[in-house]
Protein chains: 2
Amino acid sequence: MLVILTKYARKILEIIAESRSHMTAAQVFTQLKKNCPGVVLATIYNNLNRLCEEGRIRRISVEGLPDRYDRIQRHDHLVCQRCGKLLDIDLGDLRAQFEKKAGISILSYDLKLLYLCEDCKKNLNRKESE
Amino acid sequence: MLVILTKYARKILEIIAESRSHMTAAQVFTQLKKNCPGVVLATIYNNLNRLCEEGRIRRISVEGLPDRYDRIQRHDHLVCQRCGKLLDIDLGDLRAQFEKKAGISILSYDLKLLYLCEDCKKNLNRKESE
DNA sequence: CCAATTTTTAGAATCATTCTAATTTTATTA
DNA sequence: TAATAAAATTAGAATGATTCTAAAAATTGG
């Protein structure tokens, strides 16, 4: 089961792996339709869910925004507090440290660093000086 | 402005402060209706949003689940990977460490430790032995 | 090839949340 | 205090992401 991918699952996985842009289901859909005009959004969701369950991709949720999907390799994220822009960042594997501090064994963790991206900084400054 | 709270804002804030249970908008609504039968869900959302903007409460988003609201004081969360159950935990203020590692100045961070709660562990074991 | 299972499709349904417009309340100031 | 402006609340429609259901198509194992 874990080895065999269906036609669409494979393509969706490729799209996510190749894009460095943390795509939403809708974006994956748009992208996939270029080659497979017949696909349907439900198929994207089915496959994204399955791929997540199988641990092949990872879902990133930021409040108020549609879920985005990412490669699975451990890394953290930098999230703009204003616009939700998402960047990869890697602070290394902190699991042991967290487990020790928490005194509990964890499966993994989700670390988001909240910052202001350059665009939002500019907009904020503009607003303030108005 | 930051000092004055409207009638509902104050009550909602109290409900969240008193409950240690990370309530959803719907739960706050149910609770508030006990004293104020006239309130409307939109009022809850309006106020929760305003309270968040003012930095009086904090929104917690976990994929697939409705947003929950929490007191503002810095702390982290333990999230059950299966059922989404949420517990408070505090690993201390790691901002300086994260900023140093990331080489960037951040506003704050969001750390969720993913684990399996006791109930879900039991259910998993039951399933496996079936 | 047949039966069973899995995927995909189509489109309706759900659910949290937001939006709009009207109404009420509160604050301002004349 | 009356009049006006601003803010909060209501009611309910609208949105948008995601899930669900049932049927059709594809794939798999025997």
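Side chains are part of it too, since the values below use all heavy atoms of this structure and drop only hydrogens, waters and symmetry mates. All values reported here derive from a predicted model rather than from experimental measurement. First the proteins, then the strands, lettered A, B, ... as listed; each starts at 1.
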*Taking for each residue the nucleotide of DNA chain D with the nearest heavy atom, is it A/Lys7 or A/Leu41 whose nucleotide lies nearer the 5' end?*
A/Leu41
*asked:* Regarding B/Gly38, tell me which of base, sugar-phosphate or nothing describes its non-hydrogen contacts under 4.0 Å with the strands shown.
replied: sugar-phosphate
*Hey, does the side chain of A/Arg74 reach the backbone of A/Gly92 with a donor-acceptor pair shorter than 3.5 angstrom?*
yes
*Please confirm whether the backbone N or O of A/Ile106 pairs with a side-chain atom of A/Arg95, one donor and one acceptor, at under 3.5 Å?*
yes
*Taking atom C1' of D/dT28 as reference, at what distance in whole Å does atom CG of A/Leu5 sit?*
16 Å
*Is the backbone of A/Gln73 close enough, under 3.5 Å, to the side chain of A/His75 for a donor and an acceptor to pair up by distance?*
yes
_B/Thr6 side-chain N/O to D/dA8 phosphate OP1/OP2 under 4.0 Å_ = no
*Report yes or no: is the cationic atom of A/Lys33 (NZ for Lys, CZ for Arg) closer than 6.0 Å to the six-membered ring centre of A/Phe29, at no more than 45° off its axis?*
yes
*Look at the rings of B/Phe98 and B/Tyr109 and say which category their plane angle falls in: under 30° parallel, 30 to 60° tilted, over 60° perpendicular.*
perpendicular
*Would you say A/Gln27's side chain and A/Thr24's backbone share a donor-acceptor pair under 3.5 angstrom?*
yes
*Does a nitrogen or oxygen in the side chain of A/Asn49 sit under 4.0 Å from OP1 or OP2 of D/dT19?*
yes
*asked:* Is the phosphate of D/dT19 approached by A/Tyr45 (side-chain N or O, under 4.0 Å from OP1 or OP2)?
replied: no
*Euclidean distance, atom CD of residue B/Glu53 to atom P of D/dA7 [Å, nearest integer]*: 14 Å
*Along DNA chain C, 5' to 3', what are the outermost nucleotides having an atom less than 4.0 Å from a heavy atom of chain B?*
C/dA16 to C/dC19
*Using a 4.0 Å heavy-atom cut-off across all strands, classify B/Asp67 as base, sugar-phosphate, or nothing.*
sugar-phosphate
*Distance-only, no hydrogens or angles: does the A/Asp76 side chain make a donor-acceptor pair with backbone N or O of A/Leu91 under 3.5 Å?*
yes
*Rounding to a whole Å, what distance do you find between A/Arg59:CZ and D/dT19:C1'?*
12 Å
*Touch check for B/Asn46, heavy atoms < 4.0 angstrom, all strands: base, sugar-phosphate only, or nothing?*
base
_By nearest heavy atom, map A/Tyr8 and B/Pro66 onto DNA chain C; which one lands nearer the 5' end?_
A/Tyr8
*asked:* It should be established whether B/Arg50 places a side-chain nitrogen or oxygen under 4.0 Å from OP1 or OP2 of nucleotide D/dA7.
replied: no
*To the nearest Å, how far apart are B/Ile44 CD1 and D/dT10 C1'?*
12 Å
